[in-house]
Amino acid sequence: MPFYEYVSTDPHAGCDYCGKPVTILQKIGDPPMKKCPYCGQEVRRLISPPSLAGQNSRAPSTGEVEKAGFTQYRKIGKGVYEKSAGKGPDIISSD
Ligand SMILES: [Zn+2]
């Protein structure tokens with residue numbers, strides 16, 4: 001399953017969740033996320049993931065993410081993702 005990264009279309013309007021790029025694991029065929037599940041701000045999908053690690057230390061409540069049917073992962077290392085919401089393996093390594 002592919003990872004997608006989303007960020008608020010307006011860097012001044014997003015909440016803590018969407019104001020920075022957030023990594024979401026989606027099934028192939030899932031429609032792209034259009035709005036932040038927390039604040040409703042429009043989000044856009046990033047084409048390529050940012051290379052910076054350790055930027056995703058924020059910890060939003062996960063209920064809304066799960067309700068929206070998304071699985072959310074945060075990057076905890078080089079090519080390693082830890083699940084923070086939704087269904088799926090707890091740890092994914094792309095290595
Ligand atoms: Zn938001």
Side-chain angles (χ1 to χ4, degrees):
M1 290 198 286
F3 288 106
Y4 296 108
E5 294 210 76
Y6 290 91
V7 69
S8 167
T9 55
D10 182 347
H12 301 296
C15 65
D16 285 349
Y17 180 75
C18 64
K20 293 177 188 173
V22 58
T23 303
I24 305 262
L25 181 65
Q26 291 186 293
K27 291 195 271 301
I28 291 180
D30 273 0
M33 186 167 76
K34 292 205 170 78
K35 289 185 174 181
C36 172
Y38 293 100
C39 69
Q41 169 67 30
E42 253 184 68
V43 294
R44 62 183 172 85
R45 198 160 77 186
L46 299 178
I47 301 302
S48 55
S51 55
L52 292 176
Q55 297 291 311
N56 297 323
S57 56
R58 66 196 182 285
S61 74
T62 58
E64 294 296 323
V65 174
E66 292 176 354
K67 223 182 293 174
F70 294 110
T71 302
Q72 178 190 323
Y73 284 82
R74 66 190 184 93
K75 199 170 187 176
I76 58 173
K78 191 172 181 297
V80 182
Y81 295 84
E82 178 188 68
K83 186 179 70 176
S84 54
K87 295 191 173 83
D90 290 337
I91 298 285
I92 286 183
S93 170
S94 60
D95 290 336

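As a basis for the values below, the full set of heavy atoms in this structure was taken, side chains included, without hydrogen atoms, waters or symmetry mates. Residues take their numbers from the sequence shown, with the count starting at 1.
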What do the steps show when you test Thr23 against Lys75 for side chain to side chain contact (heavy atoms under 4.5 Å, CB included), and what is the final call?
-> CA-CA 8 Å; Thr23 303; Lys75 199 170 187 176; 5.5 Å; no

Please assess Ile92 against Phe3 for the test side chain to side chain contact (heavy atoms under 4.5 Å, CB included), listing each intermediate value before the final yes or no.
-> CA-CA 11 Å; Ile92 286 183; Phe3 288 106; 3.9 Å; yes

Could you list the residues that satisfy side-chain hydrogen bond (donor to acceptor under 3.5 Å, both in side chains) with Thr9, not counting sequence neighbours?
-> Gln41

Rounded to the nearest 0.5 Å, how far does OH of Tyr4 lie from CG of Leu46?
-> 12.5 Å

Where is the tightest heavy-atom contact between Gly88 and Tyr73, given as atom of each residue plus distance?
-> C-OH, 3.8 Å

Can you list the residues that meet the salt bridge (charged side-chain N to carboxylate O under 4.0 Å, His left out) rule with Glu42, with sequence neighbours excluded?
-> none

Using links of under 4.5 Å between side-chain heavy atoms of ILVMFWY residues, direct or through other members, which residues join Ile28 in one cluster?
-> none

Is there a donor-acceptor pair closer than 3.5 Å between any side-chain N or O of Tyr6 and the backbone N or O of Met33?
-> yes

The side-chain contact (heavy atoms from CB on, under 4.5 Å) partners of Ile91 (sequence neighbours excluded) come to Ile76, Val80, Glu82

What's the shortest heavy-atom distance between Lys83 and Pro89, and which atoms?
-> CB-O, 3.6 Å

Lys78 NZ to Ser93 OG distance, which is reported to the nearest 0.5 Å | 10.0 Å

Sequence neighbours left out, what passes side-chain contact (heavy atoms from CB on, under 4.5 Å) with Lys34? Give chain and number order.
-> none

To the nearest 0.5 Å, atom CD of Glu5 lies from atom NZ of Lys20 at 13.0 Å

Is there side-chain contact between Pro37 and Phe70, with at least one heavy-atom pair below 4.5 Å?
-> no

Specify the closest pair of heavy atoms between Cys36 and Val43, including all atoms of both residues, with the distance to one decimal.
-> N-CG1, 3.9 Å

On a heavy-atom basis, the closest approach of Pro32 and Arg45 is CB-NH1, 4.1 Å

